[in-house]
Enquirer: 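First, the structure itself, so that you have it in front of you.
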Amino acid sequence: MTTAGKLDTARLQALDAAHHLHPFTDHRELGGRGTRIIERAAGVYLWDSEGNRLLDGMAGLWCVNIGYGRSELADAAHRQMLELPYYNSFFQCTHPPAVELAHAIAEQAPAHMNHVFFTGSGSEANDTVLRMVRRYWDLQGQPLRKTVIGRTNGYHGSTVAGASLGGMGAMHEQGDLPIPGIAHIAQPYWYGEGGDMDEDEFGLWAARQLEAKILELGADRVAAFIAEPIQGAGGVIVPPATYWPEIQRIVDRYGILLVVDEVICGFGRTGEWFGSQYYNIRPDLMPIAKGMTSGYLPMGGVIVGERVARALIDEGGEFFHGYTYSGHPVAAAVALENLRILRDEGIVDYARNEAAPYLQKRIRELADHPLVGEVRGVGMLGAIELVKDRNTRERFPGKGAAGSLCRDLCIRNGLVMRAVGDSMIMSPPLVIEPQEIDELFDKAWRTLNMTAQQLGRS
Ligand SMILES: *Cc1c(COP(=O)(O)O)cnc(C)c1O
C-alpha cells in the first residue's frame, strides 16, 4: 500500500462523489463510506486501489463467465476495431461478426430457436421482447392479446419495459410502473413463502397462479408469460421441481408465448448452455446478455423461436424496432470469441461436471451454521439465507440489515458476495478451480462466524 496509491484513491473518491451518479445506489450513504475503486482483475480475482485482493464470488454482476484477463477477447476487439469498428445492420446491410455470432448462438440454442435480434443490454432485450410479443399477436389478428404476465420479485432490467415486466416493488414505486398491460403473479419462493405446503405442492400452487391469472384476465387477452429459469437479482430463488413442467403445461394449454429470460442463466451458468435446457422447457423467446460477452463489452439480444420468427419474417413487413448498436461489430467479435472459448475449452462441461457439483456440495455444508436457515443453488449459482431462528424461519429485525453486515464483513475477508435482503448470493466465474472454491467457502464460513458474533448470536 503506497502513499501514492492512497492519494490517488482519495482523489478518485472525491471526483466520483462530485460527478458520478451510480446505478442502484443511495448516494448519501455512499458519500459517507467512499467508493471502492477496482483497478484490475485476473482469473477469479479483483484488486482494489488499496492493494486488497478480492475473490470475485459474483463474476462481476453474474457475467464474467470465462474469468478476467483473457487476452483473446482483447485481441478480437482490437482486430475488429481496425477492420470495421462500426456499421449498422439497418437498410439491407450486415457485417461478418454479426452474421457469425447469430449463427454460433443458433447452434447452441434449443433446436427450434434459430434467429437472433441483437441489443446493447439485457434491459433492451426485454424492451424488444415486449415489442415483439405484441407485434406477434397483431400479426395473428388478435390485437387484444396484449397483457404479459410476469412475477413478483422477478428481474428483467431497469428500462421502463424491463422494470415493468419485472416485479420489484421498489422500482415500480419510483416510476409509476408497471406500464399498462403487465400483470404479476407470485414467485416460486418456497423457503420464504411456502407456508405449510411441502416443496412440490408449493411448486404446483405457484405455477397454477399463472392459470388463475390467465382466467381472471381472459385467455384471449393474455399474450405471454415471462420468467427467469432461476431468479437471480431476486435472491437466487430456485423453483421447486414441479414448477417448470406445470408452467409449460399451462402456456401450452392457453397457447400464450413463453419468454424465458436467460440473461443470467444463459451461456453456461446452470452447467447447460441455457437454463431452458437445464429445465427442459420450450421458450418462444429468450432474452440474453451478461455471459454472452462474459461482460467484456456490453451486448444483449433475443433468441427467437420458429413460431415468432416465421410470423415476423413471412407476414410481418417492416418491424419498426432496432438500435444503433444492434449487432455492434466489435461487441459481436468479442462475443464470438467468448463463445469459442466456452465451447473449445469445454468450460460449460467443466461447470456441469466438476465446478458446479463441488460448489453445490460445499455450499450445502454451510447449512450447519447456526445463522443459516436455508442454502440453495443450481449449477454455478448459490444462496445462503440468514435467519434469526432456524426452526421458525424468523428473520432478523431491520429488513436486510443482517445481509448488509455480512456482505461488508465478507469484503473485509477478501470475498465478494452480494446481499439480497438477508440472502447472501454467489455466482462465480465458471472457470473457478476447486482450490478457489475452497477459499471461497473458507472465507464464507469465517464471515458467517463474524456476522453471528456481531449480531450477538455466539
Ligand atoms: C441483469 C438482468 C437483466 C438486465 O440486463 P442489463 O444488461 O443490466 O440491462 C435482465 N434480466 C435478467 C434476468 C437480469 O439478470
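Whatever order the structure lists ligands and atoms in, that order sets their numbers, starting from 1.
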Enquirer: Pairs of donor and acceptor atoms involving the side chains of residues 374-381, under 3.5 Å and at least two apart or interchain, shall be tabulated with distances.
Expert:
from: Glu374; atom 1: OE1; to: Arg376; atom 2: NH1; distance (Å): 2.7
from: Arg376; atom 1: NE; to: Val236; atom 2: O; distance (Å): 2.7
from: Arg376; atom 1: NH1; to: Glu385; atom 2: OE1; distance (Å): 2.8
from: Arg376; atom 1: NH2; to: Gly235; atom 2: O; distance (Å): 3.0
from: Arg376; atom 1: NH2; to: Glu385; atom 2: OE1; distance (Å): 3.1
from: Arg376; atom 1: NH2; to: Ser423; atom 2: OG; distance (Å): 3.4

Enquirer: Considering only heavy atoms, which protein residues lie less than 4.0 Å from any atom of ligand 1?
Expert: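 Contacting ligand 1 under 4.0 Å are Ser121, Gly122, Ser123, Asn126, Tyr155, His156, Gly157, Glu228, Asp261, Val263, Ile264, Lys290.
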Enquirer: For Glu72, which residues count as a side-chain hydrogen bond (donor to acceptor under 3.5 Å, both in side chains) partner, sequence neighbours excluded?
Expert: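 side-chain hydrogen bond (donor to acceptor under 3.5 Å, both in side chains) list for Glu72, sorted by chain: Arg70.
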Enquirer: Kindly assign one of parallel, tilted or perpendicular to the pair His328 and Tyr86, based on the angle between their ring planes and the thresholds 30° and 60°.
Expert: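 Taking Tyr86 first and then His328, their aromatic rings sit tilted (interplane angle of 30° to 60°).
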Enquirer: Under the side-chain hydrogen bond (donor to acceptor under 3.5 Å, both in side chains) rule, collect the residues that match up with Arg343, sequence neighbours excluded.
Expert: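 side-chain hydrogen bond (donor to acceptor under 3.5 Å, both in side chains) check on Arg343 returns nothing, list empty.
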Enquirer: Taking the inter-plane angle between the rings of His172 and His184 on a 0 to 90° scale, is it parallel (under 30°), tilted (30 to 60°) or perpendicular (over 60°)?
Expert: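 It falls in the tilted class, 30° to 60°.
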Enquirer: Any Lys/Arg nitrogen of Asp26 or Arg33 sitting under 4.0 Å from an Asp/Glu carboxylate oxygen of the other?
Expert: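 No, this pair does not count.
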